[in-house]
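Beneath this line is the structure, given in structure tokens, with notes to follow.
Just so it is clear, the structure is predicted and the values come from calculations on it, not from any experiment.
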Amino acid sequence: MDATKGNIYEILNGNRQFLIPVYQRCYSWDIEQCERLWNDIVEMQKRKRDGHFVGSIVNIAEKAMPTGIQKYMIIDGQQRMTTLTLLFIALREYAIQNPGDTTINARRIDNMLLKNEYESGDDRYKLLLTETDREILIALVEGKPIAENTKSRLLDNYSFFAGKIADMELLPAEIYESVGKLQIVNITLDRTLDDAQAIFESLNSTGKALSESDLIRNYVLMGLEPKEQAYIYEHLWRPMEKLFMYETQDSVMDRFFRDYLTMKLAYIPKQGRVYEEFKLYHLNCEFETIRELCQDLLTYAKYYTDIVFKRSNNPAFKLLYEDIIDLRMEVSYPFLLRVHNDFAKHIISEEEFIEIMRLCISYVLRRSICDMPTNSLNKTFATLKNEIRTEDYLNSIKAFFILCEGYKDFPNDDKFTAAFAAKDIYNMRSRNFILSHLENYGNKAPIQIKNYTIEHIMPQNGNLSVSWQKMLGPQWKEVQRRYLHTIGNLTLTAYNSEMSDNPFMTKMNMEGGFKESALKLNGFVVKQTEWNEGTIKERADQLAKKAREIWAFPTMTKAELAPYCAENKPTERYSLDTYAPNEFTRALFEALDRRILNLSPDVKREFKKLYVAYKLDTNFADIIFKKQRLRISVNMKFAEVIDPKGICRDVTGLGRWGNGDVELSMEHISDTDQVMEIIEQSFKLQADSD
């Protein structure tokens, strides 16, 4: 590692090029970070300070060539270098457009800071970004036109600096001078000696912090051979990134990785630990190669973004995605990812897929109406995949919902309709969603609710007119308080301001009034001659029954439900075939299994759902089947194990399948002896304790 202190002019000067590898995130600085850099430049110049430290640039020098340019692969510092390059372009453009100002030299900027003057092709540019940003930066450097409506932070930030230069807060020559005072530590790594990934993870950025998805991309791509890296980035990773909308890419991708892991692991990784959990998952996942893992990520990212961005050529799917988004059902995404994949694999039909999504929507909506806590929903959906029986897929999910009790309860029709009629719907976040569905249910020409506003039939005004007081009766204040915001008193109108606090029959007969309305929601209203507690309750009951049909409770016959009831549930029996071993892992297992059973006649072997357990009184070792190896959990504290060959791993607190804090792998028959040395330690601990 070689570290030198200097400035950006010294770093860029000479026949050099800085490359951004594909595993780096795209240019991500916003105006906020640019403004901070600009303020540093202005303050330094106005206070006549000698310098200001702005961070480091970490790179790996490519093999030096006798002729041509020296290339450096940037590990950290892309954001600062790119932002300063945008400032240089803006300064150059100012100089070109103002030839009378001789204090700033456009050609010097062009040939010293932006281009390698005598090179051609990509070698011509001092800074070469990844595929996503490369063409736009090159167009800016070359002064070429860029298509209108192109969205890019590069363009936004270039315009920011061009505007600042035009404002003349500092003279262009002062800007150029001040940039030269920005102090940067340039760190060049030795590819053969330095661990780039470890260094990358330990860096503290002075700009925009790396997201979880940034860290995962670096982890996945950084260590690959160049050809494999290029293939995976071009065919798998970049297509996955393109699925996520530009404006929200980082935040939505971070959520995707967390939900993907939740779906795979059936528990929810803690916020801020998604990257660490992903690394652990990769080390123990079912995929043998990074390519296989990235293909899986791409597959699930497609399902995920279809939901999040409401994309589908299937009208029924698109409507359900819209409902899921309107209800903010992010907690359901891990489960829905699994169901999407099973539909794609033809394990379930389109009709079953649609019914499962509707069940999830009904579950969330009904619980919301019944004021049930939402903080348990994420755990419910995280583990719901464990309830699926593929041979009876839909019924197994319906049975789970029907049999839910306590904090997981799926409110039945009686609970739901009673709560729906009495609920303050108006102040619910989902009020438009509810009213829209009540109106459009069974409607061949659905309305767009955005063209309407919510109307209180009995007005909100606390000082009701005499006619309203008379209609509501002597307890009008109590009637208004109790029913004002309930579903029985709410409808939709395009004439909210005209209706105002008018008497009921005025609202009925006015232009655009209830009688002129074609809305189904007003079908009951137009038949009334007065509006009071009785009519509000009657209408609420009618709409509650309709809601019960829209957001239905799952139905099953007694015979269908019987296998899922506790008293009728057969004890599940597992065998070696439960784990679907291939020929190789079966041979590994048989070799290890014989040795463990030979430890003592008292050793009991049990085939569990997820692993094979070996126990005396309790488990001393567990075997988990992986694609090309066995993973063994040993029930000991990691500090207790004697492991001279270093084959064990500390998994304390990681929530792994199996028991104990010690984990090791068996990849070849020849590993049997060394694996048994560890297992025997756990066996003896239990045997001696007896």
Side-chain angles (χ1 to χ4, degrees), residues 6-29 57-99 104-147 150 152-159 161-162 165 172 175-176 179-180 182 184 186 188 191 226-227 229-230 233-234 238:
N7 61 43
I8 192 65
Y9 300 146
E10 293 169 337
I11 291 170
L12 291 174
N13 193 20
N15 219 26
R16 300 177 179 180
Q17 183 180 67
F18 292 87
L19 300 152
I20 309 302
V22 294
Y23 54 76
Q24 286 274 25
R25 62 176 168 178
C26 302
Y27 180 63
S28 62
W29 271 21
I57 294 172
V58 182
N59 58 76
I60 299 174
E62 298 296 293
K63 185 177 179 181
M65 302 297 291
T67 60
I69 60 173
Q70 173 63 57
K71 298 187 178 186
Y72 299 87
M73 195 73 74
I74 292 183
I75 303 300
D76 184 62
Q78 172 197 178
Q79 309 301 326
R80 286 180 288 281
M81 285 197 72
T82 306
T83 304
L84 288 170
T85 297
L86 295 173
L87 177 54
F88 296 149
I89 297 170
L91 280 170
R92 182 198 64 184
E93 291 305 300
Y94 167 85
I96 292 171
Q97 295 164 15
N98 297 273
I104 194 86
N105 188 318
R107 188 176 176 191
R108 176 186 291 273
I109 293 173
D110 217 33
N111 293 331
M112 186 178 83
L113 304 176
L114 300 176
K115 301 174 186 174
N116 293 307
E117 184 178 6
Y118 301 107
E119 302 299 332
S120 60
D122 285 346
D123 287 353
R124 176 175 171 79
Y125 306 105
K126 295 284 186 182
L127 180 62
L128 207 60
L129 301 183
T130 56
E131 177 185 324
T132 311
D133 298 321
R134 182 175 297 182
E135 289 185 10
I136 293 175
L137 184 62
I138 287 176
L140 287 170
V141 170
E142 296 291 357
K144 292 179 179 178
I146 296 171
T150 300
S152 171
R153 292 185 179 89
L154 291 166
L155 298 178
D156 295 341
N157 295 347
Y158 166 73
S159 297
F161 286 124
I165 293 168
I175 298 170
Y176 190 84
V179 170
L182 296 175
I184 300 172
N186 187 25
T188 302
R191 186 182 291 277
K227 284 186 179 180
Q229 185 184 86
Y233 179 76
E234 181 181 346
R238 183 63 189 139

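- Taking the six-membered ring where the residue is Trp, the centroids of Tyr94 and Phe161 are separated by 6.0 Å or more.
- By the side-chain contact (heavy atoms from CB on, under 4.5 Å) test, Ser159 pairs with no residue at all, sequence neighbours left out.
- Taking the side-chain contact (heavy atoms from CB on, under 4.5 Å) definition, one finds that Asn116 meets it with Asn15, Gln17, Ile69, Glu119, Lys126, sequence neighbours left out.
- Side-chain atoms of Leu86 and Leu137, non-hydrogen and from C-beta on, do get closer than 4.5 Å to each other.
- Taken to the nearest 0.5 Å, the CZ atom of Arg92 stands 12.0 Å off from the CD1 atom of Ile104.
- Using a 4.5 Å cut-off on side-chain heavy atoms (C-beta onward), Ile184 and Arg80 make no contact.
- Partners of Arg107 according to the side-chain contact (heavy atoms from CB on, under 4.5 Å) rule, which considers only residues two or more places apart in sequence or in another chain, are Asn105, Asn111, Glu117.
- Listed here is the closest heavy atom pair of Met112 and Asn13: CG-OD1, 3.3 Å.
- When all heavy atoms of Ile57 and Met81 are compared, the closest pair comes out as CD1-CG, 3.3 Å.
- Leu140 has its side chain within reach of Ile146: a pair of non-hydrogen atoms, C-beta onward, lies under 4.5 Å apart.
- Using a 4.5 Å heavy-atom threshold, the side chains of Asp123 and Lys71 count as touching.
- Considering only heavy atoms from C-beta on, Trp29 stays 4.5 Å or farther from Thr82 through its side chain.
- Ile109 and Phe88 make their closest contact through CG2-O, 3.6 Å (heavy atoms, listed as atom of the first residue, atom of the second, distance).
- Taking 4.5 Å as the limit, every side-chain heavy atom of Leu12 sits out of range of all side-chain heavy atoms of Leu114.
- Atoms CZ and CG, on Arg134 and Leu154 in that order, are 13.0 Å from each other to the nearest 0.5 Å.
- The nearest pair of heavy atoms linking Ile20 to Leu129 is CG1-CD2, 3.6 Å.
- Contact detail for Leu155 and Thr150: the closest heavy-atom pair is CD1-O, 3.7 Å.
- Thr83 meets the side chain to side chain donor-acceptor pair (under 3.5 Å) test with Tyr27; sequence neighbours excluded.
- For the pair Ile60 and Ile75, the tightest heavy-atom approach, listed with the atom from each and the gap, is CD1-CD1, 3.9 Å.
- Taken to the nearest 0.5 Å, the CG atom of Leu128 stands 11.0 Å off from the CG atom of Asp133.
- We find the CG-NZ distance between Leu127 and Lys115 to be 14.0 Å, quoted to the nearest 0.5 Å.
- Atom CD1 in Ile11 sits 10.5 Å away from atom OH in Tyr72 (nearest 0.5 Å).
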Full working for side chain to side chain contact (heavy atoms under 4.5 Å, CB included) between Thr188 and Asn59 | CA-CA 5 Å; Thr188 302; Asn59 58 76; 3.1 Å; yes
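- Side-chain atoms of Glu10 come within 3.5 Å of backbone N or O of Asn7 as a donor-acceptor pair.
- Note: Ile96 CD1 to Leu91 CG = 11.0 Å, rounded to the nearest 0.5 Å.
- Taking Lys144 as the reference, Ala139, Glu142 meet the side-chain contact (heavy atoms from CB on, under 4.5 Å) condition, with sequence neighbours excluded.
- Listed by chain and residue number, nothing satisfies the side chain to side chain donor-acceptor pair (under 3.5 Å) test with Asp122 (two or more places apart in sequence, or in another chain).
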